[in-house]
K.L.:
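Would you mind keeping the following structure in view while I ask a few things?
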Amino acid sequence: MEPAADMILSLVSSCVYSLRVELTFAAVLGALWAVGRKTGLAGAKTQLASTRKRPPSSGAPAGRAKPGDRSGRASDAAAATLPGGVGGVDPKLLRDPRWLVPQVTRLCRAEARTALELYRAAHRAGVDLASAERDECEYMFLSMVTATIRTGQLDEAMVLLQELRRHGPGISSALLGSTTKLCTSKQLYAECLAIFDFAAEDKELKIADRSVWSCLLFCAIETKELERCKLFWRRLESCGAPSCKDYGNMIRYASAAGDWKLSLELVQQMRQSDTEIDSVSYNTCVATCVAADRVDEARTLLDEMAECGGVSDAITYNTLSKGYAKAGRLEQCFELFELMTQRRVEPTQVTYGILLDCCINENQVARAAEVFEQMKANGCVMNTVLYTTLIKGFARDGHVDKAMEVYELMRSERTIPPDLITFSILIKANCDSGRLGAALRLKEAMLGLGLKADEVIFNNILGGCAKEADAYLAKCTYKEMVDSGVRPSNATFSILIRLYAQCKLLDEAVDMLRTEPAAQRVAPEPRLYSQLAHCCLRERRGKQATEVYLMMLEHGPLTASAHGGMLGMCVKLNMLDTAAEILSMAAEAGGRVDQADADQVLKAARKKRKGQCEETIASAMRALGLRPSPA
DNA sequence: GTAGGGTTAG
């Protein structure tokens, strides 16, 4: 192991050296750019950029609300002004829909606020819209609603829709179409869904416009209202063939829902309907399979992509490689690397990152060194992730000093800064090797770089405290964590239980588990109670173990395996009275206990000739619907 | 809109 570690370290140093040239180059370029900007060369560029600047609705379906081009914009603006303001309008005019409706409609284009004011004034004056031309009236509402959405007054828009339903002609599918598209293009996704929900209360409303369903699907994905996607998709399909973008959005849904089968079906459907499949959709599908541990399906997909030609890219290979890495299939990671090289797909930093990490996770340090060398030979430059992966490799191998050397290298270079994950690994490595002081200094250095400690950083330090049985430092750290607004998790509580057990402060562990999850608004996982109960039993604190068992019951009945674990531990430690008590409580609470686990307890009690205990166990078993085996 | 590195658990 030692030579491999040295080799990697020397490789890193030389890599940094070769990087210097690139960095100098980058710095020169940057300076040139800055000069160019000053001399006005960038002026043209800025202009170019601003023309390109559009609402970022890349995945959003096309289509926008049409303003209804009835007359020129300039003449509208001229006609739109009211000489005496809204207050100066003759109430008789206000009550006349033939005057009011065109006025409001026109005002909407240039002076939305005045339009709304005028409409409200007419409303107060008692205008009766029922006598207005239906189309004109509908169009007025459309103009007002879209104007309020455009100016970000969504509450006003909702009020208008309510009035439209109550006093006007009702919400038409055309109006819904315009608002849906407008909201989507303005990235008002939740609002879009809310308006749809309001409109859909009218069961007569028919929506045949496919792009409405496209927008709704997109909004549901963006707002993570995943349960709505399938319905929108069905409606979309019923309005005709979904577009490439629609499929892309549905594939995003399948990914978010972890539905790899659906993801594959969608790709299949796209092929059958001759819909173009872009690489992002393909890659998302590959990633969905990988996330669901269906690596072989992902591989099939890559092969199909390679056959079509042009769609597979480095991301496809990297995603699949990650899948192999996750499954511990290192050889296939390397095969895939070979394959992409053969197919002239250029490996990226991510490619090497995945390969390196997989070697490290499979404890193949020498192999990692080879990858590193190849990476350098191919001119791949280091970045924070690659450095961090190396640090992880050294830390994993027990070479904390070497990990720290890489860190010092990063610090002295100043161009590739360590981040939260780098520090997290370093802090844990130091904690694990009993260097709590060094870990705390790293945390200070981290804060000095402007990074804010997150949950994992705090958990790692708490883990260090547990190892050193330093309850005082742990309490300070936990307080700092909560005070700085970092919410603890089940992992945190689990570490705290370990800490208190290590310090033989079980009472404090019980107290902590009783109060902290609720205080921090975290739902405690059942296994926290199991963990603590086990700690109590290990210390032969039967009374306390049953107390924890009762706390556990407050959160619902226990699984048979949770019971099995506790009962097994009792038998192992010869705490049969505690086992009997747990069985009785389980019977009372109507929990599940396996026959074998209960039998084991009964047998142990007989062996020890504990008559009273035996009886308690047997009757608890009968209450649990189990058969005590004959003596 | 898609890809890599971090914490718990007997």
Side-chain angles (χ1 to χ4, degrees), chain A residues 56-60 218 221-222 244-245 247-253 255-256 263 278-288 290-291 298 311-323 325-326 333 340 347-358 360-361 380 382-393 395-396 418-429 431-432 453-464 466 481 486 488-499 501 525-535 537-538 565-566 568-569 572:
Chain A
S57 55
S58 45
F218 181 71
I221 293 166
E222 287 294 312
C244 164
K245 288 242 183 298
Y247 273 113
N249 285 328
M250 200 53 187
I251 287 173
R252 273 180 75 198
Y253 158 75
S255 169
S263 179
D278 62 12
S279 53
V280 175
S281 289
Y282 255 132
N283 288 342
T284 306
C285 185
V286 172
T288 307
V290 163
V311 263
S312 61
D313 54 15
I315 295 181
T316 324
Y317 287 90
N318 293 345
T319 309
L320 182 56
S321 180
K322 174 70 195 169
K326 209 161 59 130
C333 286
M340 74 188 283
T348 66
Q349 289 176 320
V350 178
T351 314
Y352 290 109
I354 295 168
L355 214 48
L356 269 177
D357 193 55
C358 189
I360 289 162
N361 289 336
C380 178
M382 291 299 284
N383 63 16
T384 301
V385 175
L386 286 167
Y387 268 126
T388 304
T389 308
L390 274 179
I391 290 176
K392 173 181 151 179
R396 187 66 74 85
D419 66 8
L420 267 185
I421 300 183
T422 319
F423 280 107
S424 160
I425 292 169
L426 286 166
I427 288 172
K428 181 165 159 45
C431 284
D432 286 349
D454 71 355
E455 192 212 327
V456 180
I457 298 282
F458 281 116
N459 286 352
N460 286 340
I461 291 174
L462 288 172
M481 180 180 187
V486 175
S489 73
N490 278 280
T492 316
F493 299 136
S494 175
I495 298 164
L496 285 177
I497 291 169
R498 182 152 50 84
L499 167 98
E525 288 174 12
R527 62 180 169 182
L528 288 179
Y529 298 95
S530 296
Q531 185 192 347
L532 182 51
H534 276 92
C535 291
L537 290 172
R538 228 172 292 130
M566 286 187 74
M569 180 74 96
K572 207 164 107 189

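Below, read A as the first sequence line, B as the second, and so on, with proteins coming before strands; counting in each chain starts at 1.
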K.L.:
So for A:Thr422 and B:dG5, does any side-chain atom that can act as donor or acceptor lie under 3.5 Å from a complementary atom in the base?
P.N.:
yes

K.L.:
Using the test ring-ring contact (aromatic ring centres under 6.0 Å, His included), find all partners of A:Tyr282 that sit at least two apart in sequence or belong to another chain.
P.N.:
none

K.L.:
Between A:Ile251 (CD1) and B:dG1 (C1'), how many Å, whole number?
P.N.:
11 Å

K.L.:
If you compare every side-chain N and O of A:Lys428 against the phosphate oxygens of B:dT8 (OP1, OP2), does one of them come in below 4.0 Å?
P.N.:
yes

K.L.:
Check this for me: does the side-chain of A:Asp419 come within 3.5 Å of the base of B:dG5 through a donor and an acceptor?
P.N.:
yes

K.L.:
Send over the distance from A:Ile391 CD1 to B:dG4 P, rounded to a whole Å.
P.N.:
20 Å

K.L.:
Expressed as a whole number of angstroms, how long is the span from A:Leu532:CG to B:dG10:C1'?
P.N.:
14 Å

K.L.:
Side-chain N or O of A:Lys322 versus OP1/OP2 of B:dG5: is the shortest distance under 4.0 Å?
P.N.:
yes

K.L.:
Return the nearest nucleotide to the side chain of A:Ser424; candidates are B:dG10, B:dG6, B:dA3.
P.N.:
B:dG6

K.L.:
Starting at atom CG of A:Leu499, determine the distance to atom C1' of B:dG10, rounded to an integer number of angstrom.
P.N.:
17 Å

K.L.:
Taking atom P of B:dG5 as reference, at what distance in whole Å does atom CD1 of A:Ile427 sit?
P.N.:
19 Å

K.L.:
Pairing donors with acceptors under 3.5 angstrom, does anything connect the side chains of A:Thr348 and A:Thr351?
P.N.:
yes

K.L.:
Quick one: list whatever passes ring-ring contact (aromatic ring centres under 6.0 Å, His included) with A:Phe423, sequence neighbours left out.
P.N.:
A:Tyr407

K.L.:
With a 3.5 Å cut-off and heavy atoms only, can you find an N or O donor on one side and an acceptor on the other between the side chain of A:Asp454 and the base of B:dG6?
P.N.:
yes

K.L.:
Roughly, in whole Å, what's the span from CD1 in A:Ile425 to C1' in B:dT7?
P.N.:
11 Å

K.L.:
Taking donor-acceptor contacts at under 3.5 Å, does the side chain of A:Thr389 reach the base of B:dG5?
P.N.:
no

K.L.:
Is it the case that A:Asn318 and A:Ser321 place a side-chain donor and acceptor less than 3.5 Å from each other?
P.N.:
no

